[in-house]
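Nothing here was measured: the structure is a model prediction, and the numbers come from that model. Throughout, residue positions are numbered sequentially from 1 according to the sequence presented.
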Amino acid sequence: MPDIRLLSAAEARAALPDLCDVLADCVNCGASVGFMQPYGAADALPYWQGVADSVESGATLLFAAAIESRVVGTVQVGAAQMPNQPHRGDLKKLLVHSSARGKGLARLLMEAAEREAARIGKTLLVLDTATGSDAEAIYPRLGWERVGVVPDYALWPQGGFCDTTIFYKRISA
């Protein structure tokens with residue numbers, strides 16, 4: 001059974017090797033999550049150190065899915081918003097290592113993120129994901145509403161333009 005939990009900044013820093021491995025695996029498997037190939041675990045370290053700092057400041061909620069004490073999945077909620085958006089959170093970087101896919105980890109991570117976001121007063125979550133990706137198919141099954149598509153929003157990690165689909169979900173405690 002996977003262990004899904006909200007990480008403190010210290011726990012995030014302790015999990016840096018696993019988090020770096022998950023991100024590198026996802027990028028190298030073609031996930032358009034902001035990074036380009038080739039991408040190694042060492043390349044991911046500055047990113048995750050910044051996330052740990054953001055967790056420490058309270059701006060980010062970081063969730064991890066662990067199997068046998070190894071982090072194999074993660075998702076974040078950007079909790080710090082502008083003063084006119086205290087009710088909104090940004091769901092970011094739903095990542096599951098290719099070796100752990102098909103076990104329901106994405107659903108469990110999303111459920112944990114939504115529960116905690118609601119607990120801290122968020123009533124609306126938004127996200128964007130690569131159009132046509134495997135990830136895009138997950139969100140409607142979890143009750144997220146599709147808003148639309150922005151063409152040429154980013155690049156695929158191997159190159160070439162990638163459209164993005166925007167989703168939202170209303171949540172409550």
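Between R13 and D53 there is a salt bridge, with a side-chain nitrogen of the basic residue lying less than 4.0 Å from a carboxylate oxygen of the acidic one. At a threshold of 4.0 Å, the pair E114-K169 counts as salt-bridged, since one of the basic side-chain nitrogens sits closer than that to a carboxylate oxygen.
Shortest non-hydrogen contact noted between D18 and S69 is OD2-O, 4.1 Å. Of all the heavy atoms in G58 and A79, the pair that sits closest is O-CB, 4.2 Å. Across all their heavy atoms, L7 and A64 have their closest contact at CD1-CB, 3.7 Å. Annotation for P83 and P86: closest pair O-CD, 3.3 Å, computed over non-hydrogen atoms. Considering every non-hydrogen atom in both D43 and P38, the closest pair reads OD2-O, 4.1 Å. Smallest separation of non-hydrogen atoms from G89 and K122: N-CD, 4.1 Å.
In this pair, F35 and Y47 present their aromatic rings perpendicular. The plane angle is above 60°, beyond the 30 to 60° band.
If you chain together hydrophobic residues whose side chains sit under 4.5 Å apart, I171 and L109 fall into the same group. Hydrophobic clustering, with ILVMFWY side chains joined whenever heavy atoms are under 4.5 angstrom apart, groups V75 together with L127. No path of Ile, Leu, Val, Met, Phe, Trp and Tyr side chains, each step under 4.5 Å between heavy atoms, connects V77 with V126, placing them in separate hydrophobic clusters. Linking ILVMFWY side-chain heavy atoms closer than 4.5 Å, directly or via other members, places L124 and I166 in a single hydrophobic cluster. The hydrophobic clustering, which links ILVMFWY residues whose side-chain heavy atoms are closer than 4.5 Å, places L45 and L19 together.
The main-chain N or O of H97 is never found under 3.5 Å from a side-chain atom of D25 such that the two would form a donor-acceptor pair. D128 contributes no side-chain N or O that, together with a main-chain N or O of T164, makes up a donor-acceptor pair within less than 3.5 Å. Between the side chain of W48 and the main chain of L16, no donor-acceptor pair closer than 3.5 Å is present. Of the possible donor and acceptor atoms, none in the side chain of E145 sits under 3.5 Å from a partner among the backbone N and O of F167. Between the side chain of N28 and the backbone N or O of Y39 there is at least one donor-acceptor pair closer than 3.5 Å. Without hydrogens or angle criteria, E136 side chain to G132 main chain gives a donor-acceptor distance under 3.5 Å. Using a distance-only test at 3.5 Å, with no hydrogens or angles considered, no donor-acceptor pair links the side chain of Q158 to the main chain of L155.
Taking a 6.0 Å sphere around CG of D134, one finds it holds 12 or fewer heavy atoms contributed by other residues, nucleotides or ligands. Around CZ of R101, the count of heavy atoms belonging to other residues, nucleotides or ligands within 6.0 Å exceeds 12.
Annotation: side chain of V22 is not in contact with side chain of V96 (no heavy-atom distance under 4.5 Å). L61 is not listed as a side-chain neighbour of V55, based on a closest heavy-atom distance of 4.5 Å or more. Contact check for S32 versus P157: side-chain heavy atoms found under the 4.5 Å cut-off. Residues R146 and Y168 have side chains not in contact (no heavy-atom distance under 4.5 Å, counting atoms from C-beta outward). Inter-residue side-chain proximity for T74 and K93 is flagged as unmet; no heavy-atom pair is nearer than 4.5 Å. Counting heavy atoms from C-beta on, the side chains of L91 and W144 come closer than 4.5 Å. Two residues are said to be in side-chain contact when any heavy atoms from C-beta on lie closer than 4.5 Å; V27 and V33 meet this criterion. Contact annotation: the side chain of L125 never approaches that of D90 to less than 4.5 Å [non-hydrogen atoms, C-beta and beyond].
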Side chain to side chain contact (heavy atoms under 4.5 Å, CB included) between E116 and F63: does it pass, once the steps are laid out?
-> CA-CA 10 Å; E116 184 64 15; F63 298 85; 3.5 Å; yes
Starting from the C-alpha separation in whole Å, work towards a yes-or-no answer on side chain to side chain contact (heavy atoms under 4.5 Å, CB included) for C29 and Q37.
-> CA-CA 9 Å; C29 286; Q37 297 172 354; over 6 Å; no
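With hydrogens and angles left out, the side-chain atoms of T165 and T129 include no donor and acceptor closer than 3.5 Å. For S8 and E11, the side-chain atoms include at least one donor-acceptor pair closer than 3.5 Å.
Rounding to the nearest 0.5 Å places NE2 of H87 at 7.5 Å from CZ of R170. For the atom pair SG (C26) and CG (D21), the distance works out to 9.5 Å, reported to the nearest 0.5 Å.
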